[in-house]
Amino acid sequence: MKKEKKGMKRDLIILSLMLVATLVLVIVFPENEGAVVNTSLDFLVEMMMILPAVMVLLGLFAVWVPKEIIGKYLGHTSGVRGILLSLLLGALPTGPLYIAFPMASALLAKGAKRSNIIIFLSAWACIKIPQEMVELQFLGLEFMLTRLFLTIIFVVIMGISIQKIIEWSEKRGIGEAAGHGPK
Amino acid sequence: MNISAIIINIIAIIGLIIAFRMNRKKAVGSLKMAVKGFIKMLPMVLIIILAIGLLLGFVPSSTISKFAGEQSGIWGVLIVGLLGAVLFIPSLLSFPLAASLLEGGASLSVVVAFITTLTMIGTVTLPLEIRELGKKMALLRSGMSFIIAIVIALIMGAIL
């Protein structure tokens, strides 16, 4: 709670500095005023058309889909089902990435597959449903879908590669430490 | 009002109607969270919007396209991708920022790299990631995310 207030205060300070800087710049260079004001207003209007709706959806998900569900389903699935579930659970609108790290760590400790955790974290970071909505609004359907499709493919490849790399390095580590080859 | 905004608002309204039918109390709770989240996000939204206004109002297109346009080539993609990895901006706001760069003359690849690294890699949250996942996994994830961001950016630049 305290940390949240501090973040808000910091944002407000930055905002005031930005406002002052903008005012000074516009007064010194009045010929740019039109462009600055028009662009800011355009983007503000576009943002305000969707931000309340996105926030409502975030609120609905936060209340109806508790975080525990993610642990319940992601803990012990593997194969294609595990990959799909990791993508899906990561994409649910559930908050910023830093709250996903402790969850990921708890799941790893419980024996979840590393590849699934990486896929889950990446989905959480960049294919979240509310993000896709804002992307659709500002960059269009073709851009959003192409990027979504490519991201899913590469995130899965990355998850599996990291799993293999860590398995390989652990095997080598154990082999060296014990003085004999890997099992 | 554009079609995407209409669709998103319709989904939110339908969601709210269903929520209120299912459980009034929980639905009110979600609305309260939505208002709180909105207020919390507002200053950052205004910061980004002012930044966009200043960027497009003061920086000429020729400058943006020199550093981030087609002629900036792979270096533009790499540098802006790196910038995205270092900056700490809420993911939702990376999209209007990206759209403004595109409008200002940046290339599609550069914009894709920016969005992808900004959302996937957090230099500010890296210490937390290392603590929770271990050095090896955290660094591998961040490093490989950067590589795939560049690859996705180059593919999108080529096909769109």
Side-chain angles (χ1 to χ4, degrees), chain A residues 4 8 11-12 14-15 18-19 22 25 32 35-37 39-40 43-44 46-47 49-60 62-64 97-98 101-102 104-105 108 114 118 121-122 125-126 128 130-131 133-139 142-143 146-147 150-151 154 158 161-162 165-166, chain B residues 1-2 4-5 8-9 11-12 15-16 19 26 29-35 37-38 40-41 43-47 49-54 56-58 90-92 95-96 98-100 102 112 115-116 119-120 122 125 128-129 132-133 136-137 140-141 144-145 148 151-152 155-156 159-160:
Chain A
E4 252 173 43
M8 185 82 180
D11 286 357
L12 285 174
I14 301 174
L15 178 59
M18 283 288 287
L19 271 173
T22 309
L25 279 168
N32 296 48
V36 174
V37 173
T39 334
S40 292
F43 275 88
L44 185 66
E46 227 174 302
M47 200 68 198
M49 285 195 301
I50 54 162
L51 200 59
V54 170
M55 286 301 166
V56 163
L57 287 169
L58 281 173
L60 289 175
V63 173
W64 258 276
L97 188 59
Y98 55 78
F101 293 133
S105 141
L108 277 175
R114 281 180 197 279
I118 293 286
L121 282 175
S122 309
C126 76
K128 280 223 159 302
Q131 281 180 35
M133 288 178 163
V134 182
E135 183 166 3
L136 174 69
Q137 166 84 346
F138 282 96
L139 295 154
E142 196 187 17
F143 184 101
T146 317
R147 206 180 69 86
L150 288 170
T151 307
F154 281 101
M158 173 170 83
S161 313
I162 290 181
I165 292 170
I166 291 183
Chain B
M1 209 171 194
N2 62 18
S4 331
I8 293 164
N9 279 285
I11 295 173
L16 263 185
K26 271 176 132 182
S30 320
L31 268 184
K32 274 187 189 156
M33 280 185 82
V35 173
F38 184 80
K40 219 176 99 190
M41 195 152 188
M44 202 62 194
V45 171
L46 297 175
I47 292 169
I49 280 168
L50 278 178
I52 289 173
L54 289 177
L56 295 185
F58 278 96
S91 307
L92 285 179
F95 302 106
S100 74
L102 207 54
V112 174
I115 296 174
T116 312
T119 49
M120 282 189 74
T125 52
L128 173 74
E129 188 175 353
E132 297 287 351
L133 302 179
K136 201 187 278 174
M137 198 160 157
L140 270 175
R141 195 194 74 83
M144 284 185 76
S145 294
I148 70 168
V151 173
I152 293 171
I155 296 177
M156 275 190 73
I159 60 177
L160 285 188

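Chain A is the first sequence line, chain B the second, and so forth, proteins listed ahead of strands; every chain is numbered from 1.
- With rounding to the nearest 0.5 Å, the separation of OG1 in B/Thr125 from CZ in A/Phe101 is 5.0 Å.
- Annotation: maximal heavy-atom pairing with chain B below 4.5 Å, among A/Leu25, A/Leu108, A/Leu97, A/Leu58, occurs at A/Leu25.
- The backbone N or O of A/Met49 sits less than 3.5 Å from a side-chain atom of B/Asn9, completing a donor-acceptor pair.
- For B/Met41, the part lying near chain A is the side chain, with the backbone staying farther off; criterion is any non-hydrogen pair under 4.5 Å.
- Interface check for chain B: of the options A/Ala35, A/Cys126, A/Pro130, the most heavy-atom pairs under 4.5 Å are formed by A/Cys126.
- Using a 4.5 Å cut-off on side-chain heavy atoms (C-beta onward), A/Met158 and B/Ser145 make contact.
- To the nearest 0.5 Å, atoms CE (A/Met47) and CG (B/Leu92) are separated by 6.0 Å.
- Taking CE from B/Met144 and OG from A/Ser122, the interatomic distance works out to 10.0 Å, rounded to the nearest 0.5 Å.
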Checking B/Ile11 against A/Met133 for the side-chain contact (heavy atoms from CB on, under 4.5 Å) test, could you report, in this order, the C-alpha distance in whole Å, the side-chain angles of both residues, the deciding distance, and whether it holds?
CA-CA 11 Å; B/Ile11 295 173; A/Met133 288 178 163; 4.2 Å; yes
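- Chain A forms more heavy-atom pairs under 4.5 Å with one residue of B/Leu56, B/Ile159, B/Leu128, B/Leu140 than with any other, namely B/Leu140.
- Interface remark: B/Val151 contributes side-chain atoms only to the contact with chain A (heavy atom separation under 4.5 Å).
- Residue contact with chain A, scored on non-hydrogen atoms closer than 4.5 Å, involves the backbone and the side chain of B/Ile49 alike.
- With rounding to the nearest 0.5 Å, the separation of CD in A/Gln137 from CZ in B/Phe95 is 12.0 Å.
- How far CZ of A/Arg147 is from CE of B/Met156: 7.5 Å, rounded to the nearest 0.5 Å.
- Among residues two or more places apart in sequence or in another chain, the side chain to side chain contact (heavy atoms under 4.5 Å, CB included) test is passed with A/Ile14 by A/Arg10, A/Met18, B/Ile47.
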Apply side-chain contact (heavy atoms from CB on, under 4.5 Å) to B/Ile115 and A/Leu139, showing your working. CA-CA 11 Å; B/Ile115 296 174; A/Leu139 295 154; 3.6 Å; yes
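- Ranked by heavy-atom pairs under 4.5 Å with chain A, the first of B/Ser4, B/Ala99, B/Gly37, B/Ala51 is B/Ser4.
- If you tally non-hydrogen atom pairs under 4.5 Å between each of A/Ala104, A/Ser161, A/Ala53, A/Ala62 and chain B, the highest count goes to A/Ala53.
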Pair B/Val45, A/Phe43 - check side-chain contact (heavy atoms from CB on, under 4.5 Å), show working. CA-CA 10 Å; B/Val45 171; A/Phe43 275 88; over 6 Å; no
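- Ranked by heavy-atom pairs under 4.5 Å with chain A, the first of B/Gly122, B/Ala98, B/Ser91 is B/Ser91.
- Heavy-atom pairs under 4.5 Å with chain B peak, among A/Leu19, A/Ile50, A/Leu44, at A/Leu44.
- The backbone N or O of B/Pro43 sits nowhere less than 3.5 Å from a side-chain atom of A/Asp11 that would complete a donor-acceptor pair.
- In terms of non-hydrogen atom pairs under 4.5 Å with chain B, the most contact-rich of A/Thr39, A/Val63, A/Leu121, A/Leu12 is A/Val63.
- In terms of heavy-atom pairs under 4.5 angstrom with chain B, the leader among A/Thr151, A/Val37, A/Leu51, A/Val54 is A/Leu51.
- In this structure, B/Lys136 places its NZ atom where more than 12 heavy-atom neighbours from other residues, nucleotides or ligands lie under 6.0 Å away.
- Proximity to chain A (any heavy atom under 4.5 Å) is restricted, for B/Leu31, to the side chain, taken from C-beta onward.
- With a 4.5 angstrom heavy-atom cutoff, A/Leu150 touches chain B via backbone and side-chain atoms both.
- Atom CG of B/Leu50 sits about 4.5 Å away from atom OG1 of A/Thr22, to the nearest 0.5 Å.
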Verify side-chain contact (heavy atoms from CB on, under 4.5 Å) between B/Lys40 and A/Met55, making sure each step is shown before the conclusion. CA-CA 11 Å; B/Lys40 219 176 99 190; A/Met55 286 301 166; over 6 Å; no
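- Heavy atoms only, all atoms of each residue included: B/Ala19 and A/Leu60 are closest at CB-CD2, 3.5 Å.
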